[in-house]
Amino acid sequence: MLETIKLSKSFKGKKAVQDVNLYLDSGESVGLLGPNGAGKSTTISMISSLIKPTAGEIKLNGVNIINNPEQIRRILGVVPQELALYEALSAYENLKFFGSIYKIRGNELDKSIQRALEIVGLQDRQKDLVKTFSGGMKRRVNIAAALLHHPKILILDEPTVGIDPQSRNHILETVRMLNKNEGTTVMYTSHYMEEVEQLCDRLYIMDHGEIIASGTKGELLSILSTEDTIKVQLSKMDDRFVTQVKSIEGVRKVEAANTNLKIIAKKGINLVSELVYLSEQHHIQLINFHTENPSLEDVFLHLTGRTLRD
Amino acid sequence: MGNFIKKDLLIFWRDRKELITVLILPILLVIILNFAFAGLLGKDTESNLDLNLAVVNQDNATDSLEKLKEKLVNEGLVGEGEANVFVEQASHLDPVSMLLNYLDSDELKGLVTIHELGEEEAITKVEDGDLDGILIIPDGFTVESLYAAFVGEAPTKSLEFKMEKETNNTSILFDIVQGFTDQLNYQFALQEMDALENEVTLPTGGVEKVGAGESFTLTQYFTTAMGALFALFLASTVGTKTGLEIRQKVFNRILLTNSNPILFLIGKMVSTFCLTWLQIMFIFVFSHFILDVFPGRTVSFWFGVIGIASLLSLAIAGLAALFTSISLRVRNIDAANGIFMLVILLFGTIGGGFVPIYVLPDWLQQIGEWTPNGISLVMVTKWIQFEDLSNIFTPGLLLIGIFLLFTLLSFALYPKRGEA
Ligand SMILES: Nc1ncnc2c1ncn2[C@@H]1O[C@H](COP(=O)(O)OP(=O)(O)O)[C@@H](O)[C@H]1O
Ligand SMILES: [Mg+2]
């Protein structure tokens with residue numbers, strides 16, 4: 001139902017988003033994954049008509065809406081990355097104001113507010129000022145404000161940044177419920193792999209303003225089908241040892257942290273005997289050794305040579 | 001629309017610190033200033049502040065009317081006959097005796113004692129510390145003042161005030177003399193107008209009317225000046241709060257909807273208007289109840305005050321709109337706030353919010369009369385004295401003009417969608 005074609009945005013000549021093609025089908029839950037500065041928020045701002053693209057198209061049911069965004073504004077709910085709330089007002093007052101600018105009035109507005117508060121689980125705190133809320137509760141009000149006009153498409157921009165695990169689970173649960181039970185189409189942006197894995201049917205991986213991979217989790221993991229991820233725990237760390245592991249034939253990447261090594265290597269090479277040999281030479285014991293199923297994190301590492309949190 | 005206004009008012013209401021600043025602080029200042037100056041002028045003076053002023057009259061009044069007529073005829077301004085008529089009428093208007101009457105008036109009795117002396121003697125006595133100051137009426141003062149009134153120019157001879165050194169006492173004396181000069185100029189201005197329009201007929205009632213005007217007290221000045229000054233602060237507060245709405249990204253939420261973003265700006269204007277109006281009325285009414293600022297004034301006087309407060313609120317609403325647009329435009333909100341404060345302090349100073357305007361240089365005073373607070377100060381001053389609508393009509397239009405100008409500018413600067 002929603003589609004972007006070669007969507008691009010430059011800020012003063014600097015490219016923030018470049019040739020992004022993505023689509024959302026009705027009822028889907030799609031993840032947009034990428035490190036900070038990848039261009040996720042900029043993409044969302046363009047889709048939600050806050051900023052004009054430098055080039056490209058945004059189509060809603062096949063119609064380019066860049067110059068007529070009224071249509072999409074009506075059916076789109078956006079949860080911005082920053083809290084967009086009046087701290088001096090109560091949760092209820094915030095929702096009342098934000099609902100009213102969607103031209104929802106009177107009884108209907110009150111019902112919408114109570115429904116949104118119920119969804120995010122804040123009905124009993126609605127009379128309290130937002131500034132007295134915890135970070136997680138504020139995030140939940142931030143989400144509620146995007147639900148008042150019953151949007152068909154909900155875009156959430158990193159809605160769980162910097163909050164406690166309990167609130168985080170609550171939010172993830174809320175989004176899942178909206179998608180599965182209410183049929184809301186969801187686009188979920190994050191730089192937390194686990195969230196996107198849990199929540200989304202399909203995902204896009206973004207880096208440096210470009211989409212570098214897309215597909216279902218399985219499809220993305222198959223990118224790594226030619227590789228194994230091996231985790232090794234050592235009795236002590238030794239730089240020369242690491243250097244020698246890197247030079248083993250078939251090893252593509254080695255990451256060292258404390259006494260742990262993460263090795264990405266071509267499938268099928270006999271890494272074990274090489275490692276045992278090298279560790280004896282350096283008087284290092286191998287405490288633990290196992291081959292891991294690759295994660296999306298590994299996919300990102302494979303594609304960019306960096307981890308998501310860098 | 002209503003939702004935008006309600007939101008702004010609600011946010012303002014929640015900010016108790018701000019509320020106290022704009023409502024309580026000005027009243028507190030009026031009270032403090034009032035008592036600080038009352039110590040100097042008020043109660044003490046009734047007993048014995050007793051300023052001693054030497055008046056040295058060097059003007060030979062007996063032949064001044066002759067000289068005036070001669071001057072008018074010689075300069076070919078009027079014929080003999082007309083000159084006679086003017087001189088006849090001017091004879092009722094002797095500036096020197098007006099000055100002496102003024103210094104001897106009930107208001108000033110017990111405050112100033114007049115000593116009519118020769119110049120030498122006066123100087124010695126001031127130097128000895130027996131007297132506080134000398135007022136010299138220069139030779140030809142009467143002729144020059146009346147002549148100036150006739151041709152409508154500033155008189156070439158003015159009263160001279162001398163003192164040994166500047167003290168509180170001497171500055172009070174100076175204020176008194178200044179007060180007279182202002183009054184004199186005002187009377188002559190009236191006279192000049194009539195002289196031109198009615199072919200040199202002096203209004204018989206003109207002078208008396210002015211004489212009957214209420215005086216403008218220091219407390220009234222403080223009340224008005226503080227009211228106008230803090231109204232200005234309110235405009236900058238509104239700008240600052242907009243800055244917060246940008247920082248908190250709530251403005252973006254408005255852009256996400258199909259509501260016209262200009263409603264945000266109009267909402268700011270209306271809410272600022274309401275807040276400013278309430279603020280000014282609050283200051284006037286409470287100062288009045290606490291200090292009896294406007295004793296015995298009629299209902300129609302208070303209606304005038306309400307009218308002036310409304311016009312000032314309108315101008316302030318325009319200013320707040322301009323600040324709002326600027327806030328939405330700039331990258332650095334703190335810099336914008338700094339600029340707002342600067343504008344407010346500038347308007348406040350040259351509009352007479354901090355110091356009486358006459359201590360400023362002339363050109364600044366003239367600019368100051370174009371600031372919203374300066375204009376409203378002038379309006380209130382005139383309204384208190386004469387309670388005559390024709391006096392405040394033009395400055396009232398000026399306030400509306402300022403409102404329109406600021407509003408136009410703010411609409412022009414208001415970011416289009418996608419720009420903010
Ligand atoms: N308004 C802007 N002006 C200039 N540069 C911007 C602006 N917004 C974003 N950028 C730049 O665009 C890039 C992408 O930013 P963003 O979309 O916020 O990334 P993400 O949301 O993935 O963290 C970054 O390099 C950022 O510095
Ligand atoms: Mg972002």
Side-chain angles (χ1 to χ4, degrees), chain A residues 9 41 44-54 66-90 92-106 109 129-132 138 141-142 144-146 148-149 151 154-155 157, chain B residues 1-22 237-238 240-268 270-271 275 324 327-331 333 414-420:
Chain A
K9 179 74 189 179
S41 296
I44 289 173
S45 291
M46 286 190 282
I47 293 174
S48 51
S49 82
L50 285 180
I51 58 176
K52 267 207 173 354
T54 318
I66 287 179
N67 293 316
N68 314 293
E70 288 79 16
Q71 189 67 25
I72 195 162
R73 282 188 198 132
R74 254 194 290 280
I75 60 160
L76 189 67
V78 180
V79 179
Q81 182 171 355
E82 294 92 355
L83 292 167
L85 301 168
Y86 288 103
E87 297 257 335
L89 302 185
S90 70
Y92 177 81
E93 287 160 348
N94 265 286
L95 297 182
K96 185 143 186 159
F97 173 67
F98 291 126
S100 73
I101 57 176
Y102 275 103
K103 304 204 168 72
I104 314 170
R105 299 267 180 268
L109 177 56
L129 301 190
V130 167
K131 67 172 161 223
T132 65
K138 286 180 188 175
V141 183
N142 204 34
L148 295 165
H149 59 300
L154 182 65
I155 300 185
D157 193 355
Chain B
M1 184 67 207
N3 44 0
F4 283 91
I5 299 166
K6 216 169 124 191
K7 165 213 65 163
D8 282 334
L9 293 179
L10 203 55
I11 289 173
F12 207 86
W13 173 245
R14 290 280 157 75
D15 193 346
R16 293 301 143 88
K17 210 172 63 200
E18 194 68 48
L19 213 57
I20 288 173
T21 313
V22 301
T237 303
V238 172
T240 310
K241 287 214 184 294
T242 306
L244 204 63
E245 290 181 83
I246 311 294
R247 213 176 279 163
Q248 296 181 344
K249 302 281 176 187
V250 279
F251 187 68
N252 273 353
R253 273 214 199 274
I254 296 161
L255 295 180
L256 285 173
T257 72
N258 282 320
S259 285
N260 190 339
I262 203 82
L263 289 177
F264 176 82
L265 185 64
I266 299 174
K268 289 268 177 236
V270 179
S271 57
L275 284 170
T324 298
S327 285
L328 288 170
R329 280 256 166 209
V330 294
R331 286 263 166 274
I333 297 287
Y414 195 69
K416 310 283 168 290
R417 273 185 194 271
E419 282 178 3

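What's counted below: heavy atoms across the whole structure, side chains too, no hydrogens, waters or symmetry copies. Every chain is numbered from 1, with letters handed out A, B, ... down the list of sequences.
- Contacts of A/Pro69 classified as side chain to side chain contact (heavy atoms under 4.5 Å, CB included), with partners at least two apart in sequence or in another chain: A/Ser49, A/Ile72, A/Arg73.
- Applying the side chain to side chain contact (heavy atoms under 4.5 Å, CB included) rule to A/Ser48 yields the partners A/Ile44, A/Leu50, A/Leu76, A/Val78, B/Leu256; only residues at least two apart in sequence or on another chain are considered.
- Every residue two or more places apart in sequence or in another chain was checked for a side chain to side chain donor-acceptor pair (under 3.5 Å) with A/Tyr102, and none qualifies.
- Scanning residues 11-21 of chain B against chain A with a 4.5 Å non-hydrogen threshold yields B/Ile11, B/Arg14, sorted by number.
- Put simply, OG on A/Ser90 and CG on B/Leu10 are 7.5 Å apart, with the number rounded to the nearest 0.5 Å.
- Side-chain contact between B/Val250 and A/Phe97 is absent, with no heavy atoms from C-beta onward closer than 4.5 Å.
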CA sep, side-chain torsions, deciding dist, call: A/Ile101, B/Phe4, side-chain contact (heavy atoms from CB on, under 4.5 Å) | CA-CA 9 Å; A/Ile101 57 176; B/Phe4 283 91; 3.6 Å; yes
Residue pair B/Lys249, A/Leu83: steps toward the side-chain contact (heavy atoms from CB on, under 4.5 Å) verdict = CA-CA 7 Å; B/Lys249 302 281 176 187; A/Leu83 292 167; over 6 Å; no
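- In plain terms, the two heavy atoms of A/Lys103 and B/Asn258 that are nearest each other are NZ-O, 3.7 Å.
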B/Arg253 and A/Asn94: CA distance, side-chain angles, deciding distance, side-chain contact (heavy atoms from CB on, under 4.5 Å) verdict | CA-CA 11 Å; B/Arg253 273 214 199 274; A/Asn94 265 286; over 6 Å; no
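- Atom-to-atom distance recorded for B/Ile254:CD1 and A/Phe98:CZ is 7.0 Å, nearest 0.5 angstrom.
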